[in-house]
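Read through the structure below, which is laid out as structure tokens, and then see the notes.
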Amino acid sequence: MNPVRWSFRTLMFVGAVACFALIGFAIYSQLQWGLEPCPLCIFQRLAFAALGVVLLVAALHAPRGRGGRTVYGLLGFAAAAVGIGIAGRHVWLQMHPPGFATCGAPFAFMRETMDTPTLIQKVLTGSGDCGTVDWTFLGLSMPAWSLVWFLLLAAVALFAGLRTAR
């Protein structure tokens with residue numbers, strides 16, 4: 001079972017399942033282990049959800065033509081690229097934490113009191129809590145693993161979308 005030989009539909013479906021499994025793990029770690037997500041973590045979950053939806057729709061539709069597959073591959077790559085940017089920023093903050101004690105006000109409060117562009121700017125500038133490492137596996141923090149998965153899923157989406165039809 002060589003994944004390089006899998007069909008477009010299979011690659012996209014496996015990618016979607018991976019996205020939803022990663023979101024499930026994040027929710028599990030929050031509810032069972034008490035790892036409260038910072039605003040950047042929430043945005044990473046949203047990016048995984050968007051990527052998962054794109055990959056699932058691509059798998060269900062599974063266009064036969066190269067054009068349709070290319071569009072899905074590029075849409076998947078775009079969603080993964082957003083996730084790469086967010087996770088990359090989060091990893092950078094963990095490597096260079098600012099001198100603040102918290103990430104700022106709770107996300108729900110910020111959502112109620114700020115317009116969307118200001119909220120996004122505030123969250124992406126991050127601060128203290130976003131810089132703390134609460135969990136590691138094989139020496140990588142959760143945002144670092146998210147970055148690895150976004151890179152892998154971006155490659156899968158491009159590979160499946162740009163190769164000749166299978």
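Residue numbers count from 1 along this sequence. All values below come from the heavy atoms of this structure, side chains included, with hydrogens, waters and symmetry mates left out.
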Q: Using the side-chain contact (heavy atoms from CB on, under 4.5 Å) rule, take Leu138 and Trp145 through it: C-alpha gap first, then chi angles, then the decisive distance, then the call.
A: CA-CA 10 Å; Leu138 299 177; Trp145 278 110; 4.1 Å; yes
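Atoms CG and CG, from Leu56 and Leu51 in turn, are 11.0 Å apart once rounded to the nearest 0.5 Å. Between atom CD1 of residue Ile42 and atom CD1 of residue Ile86 there is a gap of 11.5 Å, rounded to the nearest 0.5 Å. Atom CG of Leu153 and atom CG of Leu158 lie 11.5 Å apart (nearest 0.5 Å). Going from atom OG of Ser146 over to atom CG of Leu151 covers 11.0 Å, rounded to the nearest 0.5 Å. Taken to the nearest 0.5 Å, the CE atom of Met95 stands 13.0 Å off from the NE2 atom of His90.
The two residues Ala50 and Ala79 have their closest heavy-atom pair at C-CB, 4.4 Å. The two residues Ala26 and Arg45 come nearest to each other via the heavy atoms O-NH2, 3.2 Å. Shown here for Phe8 and Arg163, the closest heavy-atom pair between the two residues is N-NH2, 3.6 Å. When every heavy atom of Gly83 is checked against every heavy atom of Ala47, the shortest pair comes out as CA-CB, 3.7 Å. The minimum heavy-atom distance between Met12 and Ala157, with the atom names listed, is CE-O, 4.0 Å. Across Leu60 and Arg9, no two heavy atoms sit closer than the pair O-NH2, 3.4 Å.
Under the 4.5 Å side-chain heavy-atom criterion for Ile, Leu, Val, Met, Phe, Trp and Tyr, Val57 and Leu75 are members of distinct hydrophobic clusters. Under a hydrophobic clustering in which Ile, Leu, Val, Met, Phe, Trp and Tyr are joined whenever their side-chain heavy atoms come within less than 4.5 Å, directly or via other members, Leu162 and Phe77 fall into the same cluster. Following chains of ILVMFWY side-chain contacts shorter than 4.5 Å, one cannot reach Leu152 starting from Val54, and the two form parts of different hydrophobic clusters.
No donor-acceptor pair closer than 3.5 Å links the side chain of Arg69 to the backbone N or O of Ala62.
Proximity of Trp149 to Cys19: side-chain heavy atoms (C-beta onward) are nowhere separated by under 4.5 Å. In this structure, Phe43 and Val82 have side chains that are not in contact, with every pair of non-hydrogen atoms separated by 4.5 Å or more. Under the 4.5 Å side-chain criterion, counting only non-hydrogen atoms from C-beta, Ser29 is in contact with Met142.
Crowding of Phe13 atom CZ: a count of heavy atoms from other residues, nucleotides or ligands under 6.0 Å not exceeding 12.
Residues Phe48 and Phe150 place their aromatic rings such that the two centres sit under 6.0 Å apart.
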